[in-house]
Amino acid sequence: MARKIAILGGTGAEGSGLAFRMAKAGEHVLIGSREAARAQETARLLRERIGGAAQVEGLDNPSAAAACHVAVLTVPFSGVVALLKQLKSVWKPGTMVIDTTVPLAATIGGATTRLLGVWQGSAAEQTRELLPASVSLAAALQNLGAELLAGDAPVDCDVLVCSDDEKAKQVTFELVSKIPGARPLNGGTLENARIVESLTALLIGLNMRYKVHGAGIRFTGLPLK
Ligand SMILES: NC(=O)c1ccc[n+]([C@@H]2O[C@H](COP(=O)([O-])OP(=O)(O)OC[C@H]3O[C@@H](n4cnc5c(N)ncnc54)[C@H](OP(=O)(O)O)[C@@H]3O)[C@@H](O)[C@H]2O)c1
């Protein structure tokens, strides 16, 4: 069966941008939402924008999670625990999850440039606790802004991929490579997501100080193109 990628919270800024890039690259995308009708509307708009044979469907989050091979988590940090508890018995063994979430204080009304303390160490490590052991996890894309994803231009940034599962890391690398201008980098184990998530708060501050919307990260000195 052809691979299906669910974007949970795919009606939002980050999720719809990722859905756009994935569907444009020929992936079959399932937009997930708390309301199926909202997901269907986002899917319709994306099909219209991409045209041709774009494969984008809209479903409620549990239906999208149940039907996918890879799920990308793009809901605000404040909604993650409830969503993952709802999905606990829904996942098929072998599903792969990519966590993009950042525990910004803004998610509970605080500053956009500060992080909340997370007991587990990072949003990604909290997600790990809430997924069945049969579901693998990579943390990535936390530093790739929604405005860049929504446009047609190459994004021009590095994407750190952190995971304790080699297959999840490999699949995430492959998907990130489908976004023009994005270079996946091996960010090491899942616990390094602590560092990567905190960089997002720094990038938001840079966006504000320089009055831009697309600050990103590039690493130099690596033996890579
Ligand atoms: N925005 C960025 O530039 C950016 C960059 C990197 C990473 N991220 C991460 O991506 C995630 C989403 O960011 P965003 O800016 O796209 O957020 P958003 O637009 O505010 O929310 C995304 C979607 O999540 C759903 N949602 C909202 N509250 C929810 C809740 N309490 N429980 C379950 N679902 C909820 C909504 O969809 P429905 O109402 O349709 O369910 C919404 O459209 C965040 O964790 C963020 O840290 C964002």
Side-chain angles (χ1 to χ4, degrees), residues 6-22 29-46 56-65 71-88 90 97-116 118 122-127 130 137-151 155 157-162 172 176 179 182 187 193-194 196-208 212-217:
I7 315 274
L8 308 178
T11 56
E14 183 75 2
S16 59
L18 271 174
F20 169 62
R21 298 290 187 160
M22 289 297 114
V29 173
L30 310 176
I31 302 284
S33 166
R34 289 168 294 182
E35 291 286 341
R38 218 162 25 239
Q40 283 155 10
E41 176 59 9
T42 299
R44 186 187 67 75
L45 292 171
L46 286 173
V56 193
E57 297 170 57
L59 299 165
D60 58 51
N61 283 322
S63 305
V72 189
L73 197 53
T74 64
V75 301
F77 178 72
S78 55
V80 168
V81 172
L83 175 63
L84 292 178
K85 283 185 174 169
Q86 182 191 15
L87 299 181
K88 195 120 199 180
V90 163
V97 172
I98 302 173
D99 193 357
T100 76
T101 66
V102 180
L104 291 175
T107 195
I108 54 161
T112 48
T113 52
R114 289 184 179 165
L115 287 192
L116 297 169
V118 182
S122 62
E125 289 165 282
Q126 175 184 271
T127 293
L130 293 162
L137 175 67
L141 297 158
Q142 306 97 320
N143 308 145
L144 180 44
E147 293 224 7
L148 288 175
L149 285 169
V155 296
C157 65
D158 288 340
V159 174
L160 291 155
V161 181
C162 302
T172 307
V176 168
I179 304 171
R194 300 170 188 196
V196 181
E197 290 171 14
S198 68
L199 292 174
T200 301
L202 194 70
L203 287 171
I204 293 170
L206 283 167
N207 277 336
M208 290 162 69
V212 296
H213 299 285
I217 290 170

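When a ligand or atom number is given, it counts from 1 through the structure's own listing order.
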Taking the side chain as every heavy atom from C-beta outward, state whether [X] and [Y] have any atom pair closer than 4.5 Å.
{"X": "M208", "Y": "T112", "value": "yes"}
{"X": "L104", "Y": "L115", "value": "yes"}
{"X": "I179", "Y": "M22", "value": "yes"}
{"X": "N143", "Y": "V159", "value": "no"}
{"X": "Q142", "Y": "L199", "value": "no"}

Within-cut-off N or O pair, [X] and ligand 1, under 3.5 Å:
{"X": "G12", "value": "yes"}
{"X": "T11", "value": "yes"}
{"X": "N143", "value": "no"}
{"X": "S33", "value": "yes"}
{"X": "R38", "value": "yes"}
{"X": "V75", "value": "yes"}

Do me a favour and list the nearest non-hydrogen protein atom to [atom] with residue, atom name and distance?
{"atom": "atom 30 (C) of ligand 1", "value": "R34 NH1, 3.3 Å"}
{"atom": "atom 12 (C) of ligand 1", "value": "T74 O, 3.2 Å"}
{"atom": "atom 23 (C) of ligand 1", "value": "G9 O, 3.4 Å"}
{"atom": "atom 19 (O) of ligand 1", "value": "A13 N, 3.3 Å"}
{"atom": "atom 24 (O) of ligand 1", "value": "P76 CD, 3.3 Å"}
{"atom": "atom 32 (N) of ligand 1", "value": "G79 CA, 3.6 Å"}

Could you check whether any side-chain N or O of [X] sits under 3.5 Å from a backbone N or O of [Y], counting only pairs where one atom can act as donor and the other as acceptor?
{"X": "T107", "Y": "S78", "answer": "yes"}
{"X": "D60", "Y": "S33", "answer": "no"}
{"X": "T42", "Y": "R38", "answer": "yes"}
{"X": "S16", "Y": "T11", "answer": "no"}
{"X": "E197", "Y": "V102", "answer": "no"}
{"X": "T113", "Y": "A201", "answer": "no"}
{"X": "R21", "Y": "G151", "answer": "yes"}

Report yes or no: does [X] have a heavy atom closer than 4.0 Å to ligand 1?
{"X": "T200", "result": "no"}
{"X": "L141", "result": "yes"}
{"X": "S78", "result": "no"}
{"X": "E35", "result": "no"}
{"X": "L104", "result": "no"}

inquiry  = Quick test of your reading of the structure: of E41, E14, E147, Q86, whose heavy atom lies closest to atom 5 (C) of ligand 1?
reply    =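 Heavy atom nearest to atom 5 (C) of ligand 1 belongs to E14.
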message = Under 4.0 Å, heavy-atom basis, I'd like to know which part of T100 is in contact with ligand 1: side chain, backbone, both or neither.
response =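 It is both backbone and side chain that touch ligand 1.
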task = Examine the proximity of ligand 1 to Q142 and report which part, side chain or backbone, both or neither, has a heavy atom under 4.0 Å away.
result =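 Backbone only.
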I'd like to check which ligand 1 atoms, numbered from 1 as shown, lie under 4.0 Å from a non-hydrogen atom of [X].
{"X": "G145", "result": "3 (O)"}
{"X": "A146", "result": "1 (N), 2 (C), 3 (O)"}
{"X": "V102", "result": "45 (O), 47 (O)"}
{"X": "L144", "result": "5 (C), 6 (C)"}

ask   = What is the minimum heavy-atom distance between N61 and G32, and which atoms define it?
value =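 What the structure gives for the nearest pair is OD1-C, 2.9 Å.
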task = Please report the shortest heavy-atom distance between A138 and V161, naming the atom on each side.
result =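 Heavy atoms only, the tightest pair is CB-CG1, 4.3 Å.
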